[in-house]
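Written out below as structure tokens is the structure these notes cover.
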Protein chains: 2
Amino acid sequence: MVKPQLRISESTIHRLSIYYRALNRLERENYETISSKELAKREKLTPAQVRKDLSFFGSFGTRGLGYPVTELRDKIAEILGINRSWSVALVGVGNIGSALVSYKEFQKQGFRIRKIFDNDQRKIGSNHKGIIVSDADDIVTELRDSKIEIVVIAVPSLVAQMIVDDVVRAGIKAILNFAPINLKVPDDVYLRNENMAMELEYLSFSLCNDEAQL
Amino acid sequence: MVKPQLRISESTIHRLSIYYRALNRLERENYETISSKELAKREKLTPAQVRKDLSFFGSFGTRGLGYPVTELRDKIAEILGINRSWSVALVGVGNIGSALVSYKEFQKQGFRIRKIFDNDQRKIGSNHKGIIVSDADDIVTELRDSKIEIVVIAVPSLVAQMIVDDVVRAGIKAILNFAPINLKVPDDVYLRNENMAMELEYLSFSLCNDEAQL
DNA sequence: CTGCGGTTGTGAAACGTTTCACAACAAATA
DNA sequence: TATTTGTTGTGAAACGTTTCACAACCGCAG
Ligand SMILES: NC(=O)c1ccc[n+]([C@@H]2O[C@H](COP(=O)([O-])OP(=O)(O)OC[C@H]3O[C@@H](n4cnc5c(N)ncnc54)[C@H](O)[C@@H]3O)[C@@H](O)[C@H]2O)c1
Ligand SMILES: NC(=O)c1ccc[n+]([C@@H]2O[C@H](COP(=O)([O-])OP(=O)(O)OC[C@H]3O[C@@H](n4cnc5c(N)ncnc54)[C@H](O)[C@@H]3O)[C@@H](O)[C@H]2O)c1
């Protein structure tokens with residue numbers, strides 16, 4: 001898929017996610033083709049950037065015409081690996097965990113929550129959207145025997161490292177963490193952090209340094 | 001605060017957020033000073049980066065000794081503008097909105113949710129952590145007469161642009177958006193997006209391109 | 001008060017990403 | 001067929017960020 005031995009930057013991948021969503025909308029609006037110029041305008045990017053990003057993975061457009069919307073959308077889905085479904089487990093079904101379980105878009109996109117863990121006796125055994133909450137003490141064994149590929153961590157910061165150690169021990173290679181803390185994982189485990197406080201802090205900084213044109 | 005006419009990059013600000021949290025932990029662990037080397041190690045960054053980031057804002061360390069933990073933490077809080085409290089409004093108290101209202105860390109950090117809007121008749125008038133939910137139809141007037149500085153958008157994507165237009169019309173200059181869509185705002189309004197799907201997609205991409213050492 | 005180990009602050013080099021600019025091509029029109 | 005308009009794909013230039021490397025300095029020991 002990727003042109004051999006070319007390192008793709010994080011920003012490029014993030015923009016592919018953006019293109020993917022934009023193309024879905026364009027399809028709904030019955031566009032058949034889209035130029036890099038128009039796509040860039042819609043997403044506040046530059047046409048050159050759109051073309052360069054795509055060119056890392058192949059040549060999907062037609063000169064003079066632009067890119068075929070549906071085809072490009074599918075191509076990007078393939079590149080991102082979202083043209084399939086992924087088995088996801090959630091650890092910690094509190095405020096944010098519950099919100100994630102109830103979020104239909106993730107399921108629609110192919111991210112299927114198949115296991116939920118918690119250590120609260122009142123929650124263990126309860127049913128969340130058809131999934132029975134397991135005891136967090138069993139994470140290692142339950143994950144090892146499962147087909148889970150991605151684990152979402154939504155437990156308090158203080159216990160997050162402990163949980164993530166278990167998750168890693170169970171052989172999981174991809175983790176999405178909501179605790180505002182830097183988790184330590186081996187090099188072969190992919191870890192992404194979702195840190196809302198950081199975005200609020202960015203807004204705070206922007207407001208404080210307003211005249212400086214950020 | 002910022003050295004005159006120097007543009008600070010987004011990455012630098014994000015790292016300041018990281019340092020801030022790290023320093024808080026160090027304080028709890030009774031560290032009095034910390035070297036850029038040690039701080040970098042803890043947060044998987046480089047010592048040079050730590051020093052360069054801080055140097056944009058002044059000179060906070062002592063050669064031979066490192067940085068004073070508490071003092072530096074307070075300095076960074078001042079730079080980020082989080083040494084004060086901010087009045088926040090939330091629009092959409094569904095799954096994710098409720099999670100945010102219940103999240104104590106934001107309040108502790110000084111981000112105080114003071115108003116909540118929704119358009120669901122069953123929710124309007126109800127009480128969430130001491131705040132009565134207002135009718136979303138009144139956003140413009142209610143926000144205009146208020147001291148709200150930051151608005152969090154947690155409504156379905158389809159209505160997010162409409163809501164954000166109201167919010168902008170009310171004179172709000174900082175918005176944190178959870179809807180997975182590119183919102184259009186005037187140049188003088190700061191908009192940050194929290195897009196969880198994007199992080200899941202990044203993990204998916206990483207897993208699919210594993211051998212390529214991402 | 002000199003020398004040494006340790007660390008900052010910062011210009012300059014190295015590196016990475018974005019933007020530019022244009023050849024190559026597609027379609028439409030005359 | 002020739003010409004015009006529009007757009008991609010991509011090397012090369014411009015720009016921005018990270019890393020390097022070292023002078024300047026601190027505290028301490030002798
Ligand atoms: N709520 C938010 O809006 C929000 C926003 C940003 C970040 N976060 C972060 O997300 C995480 C969860 O936040 P929350 O508000 O949902 O907290 P919460 O207290 O509502 O939920 C935490 C859940 O984890 C469970 N838990 C605790 N220890 C556990 C363990 N050892 N093993 C398994 N489960 C355990 C608890 O029983 C609870 O169900 C925290 O790290 C928080 O900082 C939350
Ligand atoms: N739930 C999640 O975990 C999650 C994760 C990522 C992103 N998001 C995004 O966050 C947003 C909210 O998601 P959710 O799961 O909380 O949805 P939800 O349906 O649970 O909540 C949406 C809330 O917005 C209210 N609302 C609808 N139209 C409104 C209007 N015109 N004015 C004011 N309020 C209105 C609804 O009454 C409801 O209370 C969506 O854009 C979603 O894509 C949610």
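So that the names make sense, note that chain A is the first sequence line, chain B the second, and so on, each numbered from 1.
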Query raised in the report: If you count the non-hydrogen atoms of other residues, nucleotides and ligands that lie under 6.0 Å from CD in Glu32(B), is the total more than 12?
Result: no
Report task. Give a yes or no on whether Lys184(B) atom NZ has more than 12 heavy-atom contacts from other residues, nucleotides or ligands under 6.0 Å away. Result -> yes
Report summary line: Leu191(B) and Leu203(A) have their tightest heavy-atom pair at N-CD2, 4.5 Å
Requested in this report: Considering non-hydrogen atoms only, spot the tightest contact between Phe60(A) and Tyr67(A) and give its length.
Outcome: C-CD2, 3.7 Å
Return the nearest nucleotide to the side chain of [X]; candidates are [options].
| X | options | value |
| --- | --- | --- |
| Arg63(B) | dC20(D), dA24(D), dT18(D) | dA24(D) |
| Ser59(A) | dT18(C), dC26(D), dG9(D) | dG9(D) |
| Gln49(B) | dT18(D), dT18(C), dC25(C) | dT18(D) |
| Lys52(B) | dC20(C), dT10(C), dC25(D) | dT10(C) |
| Ser55(B) | dG9(D), dG9(C), dT8(C) | dG9(C) |

Rounding to an integer number of Å, can you tell me how far [X] [atom1] sits from [N] [atom2]?
| X | N | atom1 | atom2 | answer |
| --- | --- | --- | --- | --- |
| Leu65(B) | dG9(C) | CG | P | 11 Å |
| Asp53(A) | dT10(D) | CG | C1' | 13 Å |
| Lys37(B) | dC20(D) | NZ | P | 14 Å |
| Phe60(A) | dG9(D) | CZ | C1' | 12 Å |
| Phe57(B) | dT8(C) | CZ | C1' | 17 Å |
| His14(A) | dT18(C) | NE2 | P | 13 Å |
| Leu72(A) | dT8(D) | CG | P | 11 Å |
| Phe56(B) | dT19(D) | CZ | P | 12 Å |

Query raised in the report: Hey, does Thr12(A) reach any base, or is it just sugar-phosphate, or nothing, if we go heavy atoms under 4.0 Å?
Result: nothing
Report task. Would you verify whether the NZ or CZ of Arg42(A) falls within 45 degrees of the ring axis of Tyr31(A) while also being under 6.0 Å from that six-membered ring's centre? Result -> yes
[N] phosphate, OP1 or OP2: any side-chain N/O from [X] under 4.0 angstrom?
| X | N | answer |
| --- | --- | --- |
| Ser36(B) | dT8(C) | yes |
| Thr46(A) | dT18(C) | no |
| Tyr67(B) | dC26(D) | no |
| Arg7(B) | dT17(D) | no |
| Arg51(B) | dC20(D) | no |

Query raised in the report: If each of Ser35(B) and Gly64(A) is mapped to the nucleotide of DNA chain C with the nearest heavy atom, which maps nearer the 5' terminus, i.e. the 5' end?
Result: Ser35(B)
Report task. For the residue pair Tyr202(A) and His14(B), categorise the inter-ring angle as parallel (less than 30°), tilted (30 to 60°) or perpendicular (more than 60°). Result -> tilted
Report summary line: By nearest-heavy-atom nucleotide on DNA chain D, the more 5' of Glu10(B) and Thr62(A) is Thr62(A)
